[in-house]
Amino acid sequence: MSTAEAASRRPLTGVVVVDLSQVLAGPLCTMILADLGADVIKVEPPQGDQSRTSLGTRIGDDSAAFLAVNRNKRSVELDLSTATGRAALHGLVAEADIVVENFRPGVAARLGAGYEQLSAINPGLVYGSVTGFGAQGPYANRAGLDLVVQAMTGLMSVTGEQGGRPVKNGPPVADLASGLYLTIGVLAALHERDATGVGQKVATSLYESALSLAVWETAELWATGEQPGPLGSAHRMAAPYQALRTSDGYVVVAATNARFWRRLCDIVGRPELADDPRFATNADRLAHRGDLSALLEAELERRPTTEWVDELVAAGVPAGPLQDYAQALRDPHTLATGMVVEAPHPDAGTLRMLGSPLHLSSADFRLDRLPPRLGEHTAQVLREYGIEPPS
């Protein structure tokens, strides 16, 4: 392999993914695969991925939401309700390694894109599927949206302030978690396929993925029999571990052991609190969390956040300022990690996207393609696979 070829390779170079998914969970999975070097062919209906027009602010023909999770892909427009469209899809799948879909149960099969149909064409195919509620159980045929799933799985019952109205997690965590789980699953299945030659179906759901996030909450419920409730910014198993008010905002402090706790007491000028019977152990601090936060805030409100953060960090106590997204995205550490990617865009001028949090020593993240326009690569891709583009 030449030096140029080695430099252009990434871990999934040569892997072909046919992406039938829309909106978020599936497209997040396929964007991760694309960032890792896979050739992701995004097959869209004539009206396009519904997120192109139905979510958020428009930038030209597409929404900001679509642009956020569809880079490094090629778009092929196919009408799978027609025999011609299904035949073209089957031609792509015959050469593919992975298919990803997030149709409601039964829709993929109706469009000729079900697992049994596609695996008959390509027995080595890894078929990734995300649904709202999974393949079995009384809710299997329901539409699963992130908000509904957050409500039904308990996530909203522990989010927000005690006694407040129900609050969902800010980011769509059920969608995001299912996309991440699906990525792990299809890569594991691809590894097994490479060893055995046999593909398989990998399935997950928003419901199961959201439930899987409740590691601390289920531990508390099953250990104590008591229903976990919302704690605001606090941790249910450690204190102090929360946002505390300062003179100009909030500082988050995570004094998760006795050493950090004593250092915090010294820094705020209340060393005697470390030996106060109410706060002597983590269990004591959890039992008296309200008194503890009031005493700490009385001291922290004397000075601004940046001064406290500097002093706490210098002493080795985990701490940081509470930042909004605008602040976080211009934080010098964010910029140093490469998590903000900028590229020229015909409609946006400069398109900003979140980068990849993955860093591989062999090949770091690279933006090869802007999020595609609907059908931008239809003729190119189909002819690569010996398929005549539909007229």
If you look at every heavy atom in Ser293 and Leu244, which pair is closest and at what distance?
CB-CD2, 3.9 Å

Just by distance, with hydrogens left out, do Asp331 and Gln327 show a side-chain donor and acceptor under 3.5 Å apart?
no

Do Thr131 and Ser205 pair up side chain to side chain, a donor and an acceptor below 3.5 Å, judged on atom types alone?
no

Check whether Phe66 forms a cation-pi arrangement with Arg52 (NZ or CZ under 6.0 Å from the six-membered ring centre, at most 45° off the ring normal).
yes

Result for side-chain contact (heavy atoms from CB on, under 4.5 Å) between Phe279 and one of Leu296, Leu295, Asp284 points to Leu295

Between His90 and Gly112, which heavy-atom pair has the shortest distance, and what is it?
NE2-O, 2.8 Å

Any Lys/Arg nitrogen of Arg262 or Asp275 sitting under 4.0 Å from an Asp/Glu carboxylate oxygen of the other?
yes

Which residue pairs pass the salt bridge (charged side-chain N to carboxylate O under 4.0 Å, His left out) test with at least one member in residues 211-237, sequence neighbours excluded?
Glu217-Arg236, Glu220-Arg236

What I want to check is whether the side chains of Lys73 and Thr30 have a donor and an acceptor closer together than 3.5 Å.
yes

Nearest atoms (heavy-atom pairs only) where Val149 meets Ala174
CG1-CB, 3.9 Å

Under 3.5 Å side-chain donor-acceptor pair for Glu376 and Ser75
no

If I compare all heavy atoms of Gln50 with all of Ser54, which pair ends up nearest, and what's the gap?
O-OG, 2.6 Å

What I want to check is whether the side chains of Gln22 and Asn102 have a donor and an acceptor closer together than 3.5 Å.
no

Quick test of your reading: applying salt bridge (charged side-chain N to carboxylate O under 4.0 Å, His left out), list the pairs with at least one residue in residues 337-346, sequence neighbours left out, ordered by first then second residue.
Glu342-Arg352

Distance from Leu370 atom CG to Asn70 atom CG, nearest 0.5 Å?
12.0 Å

Got a second to check how far Leu273's CG is from Trp261's CH2, nearest 0.5 Å?
5.5 Å

In terms of side-chain geometry, is the basic nitrogen of Lys42 or Glu44 positioned less than 4.0 Å from the acidic oxygen of its partner?
no

Spacing of Ile267 atom CD1 and Leu300 atom CG [to the nearest 0.5 Å]:
10.0 Å

Polar contact flag, side-chain donor to acceptor under 3.5 angstrom, Glu101-Ser129:
yes

Do the rings of Tyr139 and Tyr207 sit parallel, tilted or perpendicular, given the 30° and 60° boundaries?
perpendicular

Between Arg193 and Gln200, is any side-chain donor less than 3.5 angstrom from a side-chain acceptor?
no

Ignoring hydrogens and geometry beyond distance, is a side-chain donor-acceptor pair present between Thr82 and Asp79 at under 3.5 Å?
no

What closest approach, in Å, do Asp364 and Leu358 show between heavy atoms, and which atom pair accounts for it?
OD1-O, 3.6 Å

Should we say atom CD of Glu272 is surrounded by more than 12 heavy atoms from elsewhere, each under 6.0 Å from it?
yes

Quick check on His333: does its NE2 atom have over 12 non-hydrogen neighbours (other residues, nucleotides or ligands) under 6.0 Å away?
no

Is it true that Ser233 and Tyr241 share a donor-acceptor pair across their side chains at a distance under 3.5 Å?
no

With rounding to the nearest 0.5 Å, note down the distance linking CG in Asp35 to CG in Asn72.
5.0 Å

For the side chain of Asn122 and the backbone of Val93, is there at least one donor-acceptor N/O pair under 3.5 Å apart?
yes

